[in-house]
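First up is the structure itself, then whatever we jot down about it.
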Amino acid sequence: MDSSWQRPGLRAALLYAVAAGLLGSVVSLVSRVELTRRTVPTRELPDGPVIVVSNHTSFADGILLALVGRRLGRSLRLMATGGVFRSGLVGPLVRRLGFIPVLRGTSSAAGSLDAAAEALAAGEAVGLFPEGRITRDADQWPERSKTGAVRLALRTGAPVVPVAMVGAHRVVGRRNIFGRLLGNVLTRPIVRIEVGEPLDVRRLAGVSGDAEVDDATVRRVADEVMAELVRRVADLRGEVAPWPLGVPEEALAAAQE
């Protein structure tokens with residue numbers, strides 16, 4: 001599959017607005033979204049290139065994150081798994097909206113970051129889930145992040161905005177998706193969302209310009225960014241995060257034994 005990015009035009013912008021309106025109505029029908037304690041200074045996302053990262057607990061997260069972006073004044077170009085783009089109905093739509101395929105485990109996987117960098121160079125807002133998958137933690141805590149978001153920020157200079165979402169797994173779970181959605185029309189579970197301030201990843205890494213950054217520094221900064229996201233998830237939950245940097249793989253493996 002081609003991983004290149006196509007810049008959306010005016011028609012795509014109108015299509016995005018219509019799709020967001022329709023999906024927003026559906027989301028309002030099956031949940032109650034509370035965008036609380038917004039700490040972005042202007043109550044909107046920054047202008048120009050920006051990377052929005054969020055924790056991942058549900059198949060509904062992509063739609064929710066896109067709607068949050070719209071509320072904060074930006075149309076996010078989400079990085080989504082290749083399976084979404086292979087769908088005969090959804091694939092052409094999301095590509096036209098400027099979404100970016102992530103082709104995991106293929107020779108084209110690195111092209112995903114190239115496409116995202118191209119979108120950022122065009123001044124777009126790119127949204128992604130740094131965990132790389134829906135969390136496997138039984139208590140829905142974020143996993144330790146991959147390094148792609150930080151590498152993208154170092155490469156482009158774009159700020160990273162953390163968005164914590166709590167409760168999305170109650171809207172759409174791993175099983176009985178349609179049954180749960182029908183039930184949600186009556187119960188309308190609450191999804192709480194908190195938006196953090198933009199993070200300057202190059203400053204966190206202690207570099208400027210196009211200076212090379214070693215893998216250890218990339219890993220450290222990725223953990224710092226994820227710690228900010230985990231802190232906000234914990235704040236929304238009113239709990240102390242058991243793993244402040246995200247649940248490590250070894251803890252997930254131990255829990256399954």
Side-chain angles (χ1 to χ4, degrees), residues 51-62 64-65 78-83 102-106 109-110 112-113 116 126-155 159-175 191-207 212-257:
I51 301 167
V52 178
V53 299
S54 183
N55 57 307
H56 203 1
T57 64
S58 168
F59 293 120
D61 288 337
L64 290 168
L65 189 58
L78 296 179
M79 298 186 72
T81 59
V102 179
L103 308 177
R104 298 193 190 107
T106 73
S112 301
L113 287 184
V126 171
L128 60 92
F129 300 98
E131 295 164 81
R133 65 184 184 185
I134 293 175
T135 181
R136 299 310 198 257
D137 181 61
D139 294 323
Q140 305 299 320
W141 286 105
E143 294 182 16
R144 193 182 189 196
S145 73
K146 305 295 190 290
T147 60
V150 163
R151 292 184 187 278
L152 186 60
L154 289 169
R155 175 176 173 179
V160 175
V161 175
V163 174
M165 297 195 291
V166 170
H169 66 287
R170 299 188 182 94
V171 179
V172 177
R174 292 180 179 274
R175 300 180 179 87
V191 180
R192 293 185 172 89
I193 299 172
E194 182 175 343
V195 181
E197 295 190 28
L199 302 173
D200 184 340
V201 168
R202 287 181 175 173
R203 183 185 62 79
L204 291 175
V207 300
E212 290 282 334
V213 181
D214 61 80
D215 289 343
T217 300
V218 170
R219 180 67 263 173
R220 173 182 63 78
V221 175
D223 283 340
E224 289 182 20
V225 171
M226 198 63 188
E228 180 66 18
L229 183 55
V230 172
R231 183 181 70 79
R232 294 186 180 280
V233 169
D235 179 52
L236 287 174
R237 292 176 56 153
E239 302 175 42
V240 176
W243 301 96
L245 303 183
V247 184
E249 190 68 36
E250 55 268 27
L252 293 171
Q256 294 173 358
E257 291 179 354

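Side-chain atoms are counted along with the backbone in the values below, which use heavy atoms only and exclude waters and symmetry mates. None of these values were measured; they are calculated from a predicted model. One is the number of the first residue; the rest follow in order along the sequence.
- Among all heavy-atom pairs drawn from A222 and V150, the shortest one is CA-CG2, 3.5 Å.
- In plain terms, the two heavy atoms of G246 and V230 that are nearest each other are N-CG2, 3.9 Å.
- Take R170 and apply the side-chain contact (heavy atoms from CB on, under 4.5 Å) test, not counting sequence neighbours, and it matches P189.
- Side-chain atoms of R202 and L154, non-hydrogen and from C-beta on, do get closer than 4.5 Å to each other.
- Closest heavy-atom contact between S58 and A168: OG-O, 3.2 Å.
- Residues meeting the side chain to side chain donor-acceptor pair (under 3.5 Å) test with T135, sequence neighbours left out: none.
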Please step through side chain to side chain contact (heavy atoms under 4.5 Å, CB included) for the pair L128 and I51, ending with a clear verdict.
CA-CA 8 Å; L128 60 92; I51 301 167; 4.0 Å; yes
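- Across V171, L236, T57, V166, a single residue satisfies side chain to side chain contact (heavy atoms under 4.5 Å, CB included) together with V191, and that is V171.
- For the pair A153 and V160, the tightest heavy-atom approach, listed with the atom from each and the gap, is CB-CG2, 3.7 Å.
- At a threshold of 4.5 Å between non-hydrogen side-chain atoms, the residues F129 and L65 count as touching.
- Considering only residues two or more places apart in sequence or on other chains, E131 meets the side chain to side chain donor-acceptor pair (under 3.5 Å) condition with none of them.
- Atoms CZ and CE, on R232 and M165 in that order, are 14.5 Å from each other to the nearest 0.5 Å.
- Rounding to the nearest 0.5 Å gives a distance of 9.5 Å between CG of N55 and CD of Q140.
- The closest side-chain heavy-atom distance from D61 to S54 is not below 4.5 Å.
- Heavy atoms only, all atoms of each residue included: A227 and L245 are closest at CB-CD2, 3.8 Å.
- For the pair E228 and E197, the minimum side-chain heavy-atom distance is 4.5 Å or more.
- When the side chain to side chain donor-acceptor pair (under 3.5 Å) test is applied to D139, no partner is found at least two apart in sequence or on another chain.
- Contact check for I193 versus V163: side-chain heavy atoms found under the 4.5 Å cut-off.
- Closest of all the heavy-atom pairs between D137 and E143 is N-OE2, 4.4 Å.
- Residues satisfying the side-chain contact (heavy atoms from CB on, under 4.5 Å) criterion with D215, sequence neighbours excluded, are R151.
- P242 meets the side-chain contact (heavy atoms from CB on, under 4.5 Å) test with W141; sequence neighbours excluded.
- By the salt bridge (Lys or Arg N to Asp or Glu O under 4.0 Å) test, D223 pairs with R144, R219, sequence neighbours left out.
- Evaluation of the side chain to side chain donor-acceptor pair (under 3.5 Å) rule for R237 yields E239 as partners, not counting sequence neighbours.
- L204 is linked by a side-chain contact (heavy atoms from CB on, under 4.5 Å) to V221, E224, V225, counting only residues two or more places apart in sequence or in another chain.
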